[in-house]
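Some notes on the structure that comes next.
For ligands, and for the atoms within them, numbers begin at 1 and follow the listed sequence. This chain uses plain numbering: 1 for the first residue, then up along the sequence.
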Amino acid sequence: MRVTSIWTEYLKLAEPNSLAMQDNNTEKVISLNGVTYRYRGGESLHFADLEIPVGRHTLILGDSGSGKTTLLHILSGLLKPDTGNVTIDGQLLYDLAPRQLDEFRGRRIGLIFQEAHLVKSLTVKENLQIAQGFAGAKVDNSRIHEVLTLLNLDHKANSYPNKLSRGQMQRAAIARAVVNRPAILVADEPTASLDDRNTASVLELLLNQAETSGATLIIATHDKRVKTRIAHAYELGGHLS
Ligand SMILES: Nc1ncnc2c1ncn2[C@@H]1O[C@H](COP(=O)(O)OP(=O)(O)OP(=O)(O)O)[C@@H](O)[C@H]1O
């Protein structure tokens, strides 16, 4: 399978073939170059090159099975591509040794999935402390307090995940993703199972947290409601066999 991509800018109704609109003089937070990936027994996925400037929040769009999750995992250092490389914040991701890659991911990349994946045996505060530990940083309780307060969750700092509401759990996952002030915040279908009101509030939180921590948001989604809030998109599609 071949995956082609186009940049679209919904708000400005840019020309369809608008790769040229990438800002050549802007600092890039992410680049993807020559990336392909093949699951065992599957067809090869080819991803068109991509450059995202700092602060340009971007959607990854495409039909089911087009490779959105795979791409997010490659961008996040979770899945090594068969060819090509990813540069985040000036660092070639797959040139790093596995341990360095884990630490880099902990420091520079915040991950948010549909499910919160908090460690159940640890309190909210401890979940954030281990995120700091994974990033090779010292525990910084004042940063944890700051982030939990921003997310209206400080009163739950000492609660275990099974004592949180669904919305609180999601905010705790966002807190964990931003606690190390990542360069990019990567979210896979963060609103898929949410009603309109919760979708609006999760998007607001993600955008606010990205602004506050200086992170660039990358969101894979099918959700039309998300498309109304973020102008830039990288679209996967076009099967050319
Ligand atoms: N673990 C796996 N093993 C084998 N093939 C896989 C695996 N994960 C994904 N694939 C295949 O790779 C392709 C891309 O899958 P991916 O999950 O990245 O798509 P997606 O765009 O995120 O889909 P969806 O919107 O349905 O979540 C699909 O053809 C899928 O069947």
Side-chain angles (χ1 to χ4, degrees), residues 1-10 16 18-19 29-52 56-88 93-94 98 101-102 105 109-118 166 169-170 173-174 177 182 184-196 198-200 202-203 206 210 215-241:
M1 182 197 302
R2 186 166 180 83
V3 181
T4 58
S5 71
I6 50 168
W7 280 96
T8 47
E9 192 178 21
Y10 295 103
S18 55
L19 277 165
V29 68
I30 298 177
S31 348
L32 184 78
N33 295 104
V35 166
T36 65
Y37 186 80
R38 183 169 174 271
Y39 288 101
R40 192 185 292 254
E43 294 168 279
S44 201
L45 295 162
H46 296 240
F47 295 97
D49 291 353
L50 162 70
E51 286 195 331
I52 301 180
R56 180 190 273 178
H57 305 319
T58 299
L59 300 178
I60 308 290
L61 304 177
D63 294 342
S64 178
S66 61
K68 297 180 297 298
T69 297
T70 305
L71 178 58
L72 286 194
H73 287 183
I74 291 171
L75 289 176
S76 313
L78 294 168
L79 197 63
K80 186 172 186 203
D82 298 329
T83 67
N85 213 330
V86 175
T87 310
I88 307 267
L93 223 49
Y94 295 100
L101 177 57
D102 285 345
R105 192 171 49 236
I109 304 170
L111 298 171
I112 298 158
F113 299 101
Q114 233 176 299
E115 298 298 323
H117 296 301
L118 298 170
R166 198 183 150 104
M169 194 110 72
Q170 204 158 22
I174 295 173
I184 64 168
L185 258 181
V186 175
D188 195 0
E189 300 279 3
T191 57
S193 52
L194 301 180
D195 61 20
D196 287 352
N198 283 311
T199 292
V202 163
L203 276 176
L206 287 173
T216 304
L217 260 182
I218 314 288
I219 303 181
T221 190
H222 284 118
D223 191 339
K224 290 191 176 64
R225 299 168 299 184
V226 179
K227 297 181 195 171
T228 61
R229 294 301 313 275
I230 295 181
H232 301 278
Y234 175 86
E235 192 156 334
L236 306 179
H239 297 197
L240 304 176
S241 152

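- Of the candidates Ile218, Leu50, Leu59, Leu50 is the only one forming a side-chain contact (heavy atoms from CB on, under 4.5 Å) with Tyr234.
- Using a 4.0 angstrom heavy-atom cutoff, Asp63 counts as in contact with ligand 1.
- Between Arg40 and ligand 1 there is no heavy-atom distance shorter than 4.0 Å.
- Not one N or O on the side chain of Arg166 forms a donor-acceptor pair closer than 3.5 Å with the backbone of Gln170.
- Judged by distance alone, with hydrogens and angles left aside, the side-chain atoms of Tyr37 form no donor-acceptor pair with the main-chain N or O of Phe47 at under 3.5 Å.
- Gly65 counts as a contact of ligand 1, since one of its heavy atoms falls under 4.0 Å from the ligand.
- Within ligand 1, the atoms closer than 4.0 Å to a non-hydrogen atom of His222 are 25 (O), numbered from 1 in the order shown.
- Under a 4.0 Å criterion applied to the non-hydrogen atoms of Thr70, ligand 1 contributes the atoms 14 (C), 15 (O), 16 (P), 18 (O).
- Side chain of Lys80 to main chain of Tyr94: no donor-acceptor pair is present (N/O by atom type, distance under 3.5 Å, no hydrogens or angles).
- Backbone and side-chain nitrogen or oxygen atoms of Glu189 are examined, and none is located within less than 3.5 angstrom of a nitrogen or oxygen of ligand 1.
- Set against the non-hydrogen atoms of Lys68, the atoms of ligand 1 under 4.0 Å away are 18 (O), 19 (O), 20 (P), 21 (O), 22 (O), 23 (O), 24 (P), 25 (O).
- Between the side chain of Asp49 and the backbone N or O of Gly34 there is at least one donor-acceptor pair closer than 3.5 Å.
- Scored by the salt bridge (charged side-chain N to carboxylate O under 4.0 Å, His left out) test, Asp188 finds no partners at all (sequence neighbours excluded).
- At least one heavy atom of Ser66 sits less than 4.0 Å from an atom of ligand 1.
- When only interatomic distances are considered, the shortest N/O to N/O separation between Gly67 and ligand 1 falls below 3.5 Å.
- Here the side chain of Lys68 pairs no donor or acceptor atom with the backbone of Ile219 at under 3.5 angstrom.
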